[in-house]
Amino acid sequence: MTNNDNELEFLKEQLNAILESSYDGIYITDGEGRFLNINSRLLEMAGYRREDVIGTRAQDLVKTGVINKSIIEMVIEKKNVLQ
C-alpha cells in the first residue's frame, strides 16, 4: 500500500467515525443522486439495510415508492443549492 492509499483509508475511517457518531441520519450522494455512504442512524430510522441502499439512486427509490420525492432529486433538477 502506498502513502496515498494509507492516507485515503485513514480519511475514509475518519469520515465513517464522524457519520456514525451523529444522532442525526446522514447520507452522502454523488452528483447523480447515487448513495455513496449512509450512517446507521438513518438506516435504523428508515428501516433499510446498508447493502440495499449503497449504489442505489434516490430517484430509483422514489420510483419504487420506498421514499417520497427526495431533496436529492430537487437539488439535481435545480443544479443549485436549495434554501
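Scanning both residues, Arg34 and Arg57, for their nearest heavy atoms gives NH2-CD, 3.4 Å. For the residue pair Thr29 and Phe35, the shortest heavy atom distance occurs at CG2-CD2, 3.9 Å.
Interatomic distance, Tyr27 OH to Tyr48 OH, rounded to the nearest 0.5 Å: 10.5 Å. Annotation: the span from Glu13 atom CD to Leu8 atom CG amounts to 10.0 Å, rounded to 0.5 Å. Rounded to the nearest 0.5 Å, atoms CG (Asn6) and CG (Leu11) are 11.0 Å apart. The distance from atom CG of Asn39 to atom CD of Glu44, rounded to the nearest 0.5 Å, is 9.5 Å. Rounding to the nearest 0.5 Å places OG of Ser40 at 9.5 Å from CG of Asn16.
For the pairing with Phe10, the side-chain contact (heavy atoms from CB on, under 4.5 Å) check across Glu7, Lys12, Gln14 returns one residue only, Gln14.
Salt bridge status for Glu20 with Arg50: present, with a side-chain N to carboxylate O gap under 4.0 Å.
Each of Leu15 and Leu43 belongs to its own hydrophobic cluster when Ile, Leu, Val, Met, Phe, Trp and Tyr are linked at side-chain heavy-atom distances under 4.5 angstrom. By the criterion of side-chain heavy atoms lying less than 4.5 angstrom apart, applied directly or through intervening Ile, Leu, Val, Met, Phe, Trp or Tyr residues, Leu19 is not grouped with Leu42; the two fall into different hydrophobic clusters.
No more than 12 heavy atoms of other residues, nucleotides or ligands lie within 6.0 Å of CG in Asn3, so this atom counts as exposed by the packing criterion.
When atom types are taken as modelled, the side chain of Ser22 and the backbone of Ile18 share no donor-acceptor pair closer than 3.5 angstrom. Side chain of Arg41 to backbone of Tyr23: a donor-acceptor contact under 3.5 angstrom is found.
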